[in-house]
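As structure tokens, the structure follows; a few thoughts come after it.
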Number of protein chains: 2
Amino acid sequence: MPEQAGATGHRPAPVHTHPDDVPLLTALAALADPVRMHLICTLAKHPDWTLSCSNFDVSVGRAAKSHHFSVLRDAGLVEQRDQGTKRLNRLRREEFDARFPGLLALALRAA
Amino acid sequence: MPEQAGATGHRPAPVHTHPDDVPLLTALAALADPVRMHLICTLAKHPDWTLSCSNFDVSVGRAAKSHHFSVLRDAGLVEQRDQGTKRLNRLRREEFDARFPGLLALALRAA
DNA sequence: AGCAATGTAAGATGAGGATCGAACATTCAG
DNA sequence: CTGAATGTTCGATCCTCATCTTACATTGCT
């Protein structure tokens, strides 16, 4: 059977939403969850691109964790990059802060 | 039949939670709703104690509106006072801002 | 007293979302 | 090539919550 032309074998890169395109309610809803807040706090304590998804210690299974990262991407809070079998993460501090000044700092401080 | 001693005939005063006692997630969840955000925005545009619940123009029935005000009280965002058959409202700007500095201003600006 | 207005309480309903288990794809190591 | 590790996707389940309808309480007006 013919193979697809241009098939690279790469898995699809994660879909991101820029903070500038995120509605306020979407950002608030993303932050209003204990698991996601824990992910963000952990992410804030480590350098960019040093944590893969499996490194986060939360009390939910892989599927739920994957779901939460998807929500965080859609809210413009997290950026992801594939490296090997792992998916590395980065908190979009500056970009998100430009869209919602002070919100992320407030959440990290009050959490 | 004996009447209750001390019965004043007043209806129970609304129960409030001070912003200092409000968890971050509670505040964020309260703000992450379009109806409640609309209530807060409307409240922010009028002087304190000038709007009764029925003055807010939202697309839900009385019962749902009452529920939303209850959520806002629990989140330390709104204070209420009874006057006649009406229940007057006030946005707890300063108190809430002391607990979550900048959050309310951000929400009002971005909404 | 009778009535309209305002708001709350209780029960039912429906939608959204958080979770899990299982199956699958991709990548790397051996 | 085989296997292990990492994430995603799908279907099912469960629970929370927003909403409505109805009933009720309080207040003020006539």
Side-chain angles (χ1 to χ4, degrees), chain A residues 3-4 7-16 23 25-40 43 49-75 78-90, chain B residues 3-4 7-16 23 25-40 43 49-75 78-90:
Chain A
E3 293 178 5
Q4 290 178 256
T8 63
H10 289 355
R11 53 177 158 172
V15 178
H16 291 98
L25 291 182
T26 302
L28 293 175
L31 293 171
D33 177 277
V35 174
R36 287 192 289 267
M37 191 62 80
H38 186 263
L39 293 178
I40 291 176
L43 211 41
W49 311 122
T50 56
L51 290 181
S52 72
C53 297
S54 62
N55 290 134
F56 294 81
D57 182 25
V58 289
S59 55
V60 299
R62 283 155 274 134
K65 203 190 285 188
S66 179
H67 162 69
H68 285 300
F69 274 109
S70 172
V71 173
L72 292 177
R73 281 198 312 268
D74 291 347
V78 166
E79 187 181 357
Q80 295 184 310
R81 165 202 300 177
D82 286 340
Q83 177 172 306
T85 77
K86 310 205 170 186
R87 180 159 283 190
L88 303 182
N89 297 275
R90 166 190 165 252
Chain B
E3 293 178 4
Q4 289 179 256
T8 63
H10 289 354
R11 55 178 156 168
V15 177
H16 291 98
L25 291 182
T26 301
L28 292 175
L31 293 171
D33 177 278
V35 174
R36 287 193 288 268
M37 192 62 81
H38 185 262
L39 293 178
I40 291 176
L43 211 41
W49 310 121
T50 57
L51 290 181
S52 71
C53 298
S54 62
N55 290 133
F56 294 81
D57 182 26
V58 288
S59 55
V60 299
R62 282 156 269 133
K65 204 191 285 188
S66 179
H67 162 69
H68 285 300
F69 274 109
S70 171
V71 173
L72 292 177
R73 281 198 310 271
D74 291 347
V78 166
E79 187 181 357
Q80 294 184 311
R81 165 202 300 176
D82 286 340
Q83 178 171 306
T85 78
K86 310 204 170 187
R87 181 158 283 191
L88 303 182
N89 298 273
R90 166 189 166 254

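Naming: A, B, ... by sequence-line order, numbering from 1 per chain. Not measured: the values here are computed from a predicted model.
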Side chain of [X] only, heavy atoms from C-beta on: which candidate in [options] is closest?
X	options	answer
B:Ser52	C:dG7, D:dA18, C:dC20	C:dG7
B:Lys86	C:dT19, D:dT6, C:dT6	C:dT6
A:Val35	C:dT8, C:dT19, D:dT6	C:dT19
B:Ala63	C:dA10, C:dC20, D:dT26	C:dA10
B:Asp33	D:dA18, D:dT19, D:dT8	D:dA18
A:Val60	D:dG7, C:dT8, C:dT19	C:dT19
A:Thr85	D:dT19, C:dC28, D:dT8	C:dC28

Report yes or no: does A:Asn55 contribute a side-chain atom to a donor-acceptor pair with the main-chain N or O of A:Ser52 at less than 3.5 Å?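 Yes, A:Asn55 side chain to A:Ser52 backbone: donor-acceptor pair under 3.5 Å.
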Starting at atom [atom1] of [X], determine the distance to atom [atom2] of [N], rounded to an integer number of angstrom.
X	N	atom1	atom2	result
B:Phe69	C:dT6	CZ	P	14 Å
B:Arg62	D:dA18	CZ	C1'	17 Å
B:His38	D:dA18	NE2	P	17 Å
B:Leu28	D:dC17	CG	C1'	17 Å
B:His10	D:dA25	NE2	P	18 Å
A:Gln80	D:dT8	CD	P	6 Å
B:Asn89	C:dG7	CG	P	8 Å
B:Lys65	C:dA5	NZ	C1'	13 Å

Determine: side-chain N/O of B:Arg87 to OP1/OP2 of C:dT8, distance under 4.0 Å, yes or no.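 Yes, such a contact exists.
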Is A:His68 near enough to C:dT19 that one of its side-chain N or O atoms lies under 4.0 angstrom from OP1 or OP2?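 It does, given that an N or O in the side chain of A:His68 lies less than 4.0 Å from OP1 or OP2 of C:dT19.
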Using the closest heavy atom to pick a nucleotide of DNA chain C for each, name whichever of A:Ser59 or A:Gly84 lands nearer the 5' end.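 The residue mapped nearer the 5' terminus is A:Ser59.
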Side chains of A:Val15 and A:Ser70: does their closest heavy-atom pair fall under 4.5 Å?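 No, side chains not in contact.
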Check whether any side-chain heavy atom of A:Arg90 sits under 4.5 Å from a side-chain heavy atom of A:Arg81, and report yes or no.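 No. Closest side-chain heavy atoms not under 4.5 Å.
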With nearest nucleotides of DNA chain D determined for B:Pro12 and B:Ala29 from heavy-atom distances, which residue corresponds to the more 5′ nucleotide?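 The residue whose closest nucleotide sits nearer the 5' end is B:Ala29.
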Give a yes or no on this: more than 12 heavy atoms of other residues, nucleotides or ligands lie within 6.0 Å of atom CZ of A:Arg62.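 No, the 6.0 Å shell around CZ holds no more than 12 heavy atoms from other groups.
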How close do B:Met37 and A:Leu28 get, counting heavy atoms only, and between which atoms?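 It is CE-CD1, 3.7 Å.
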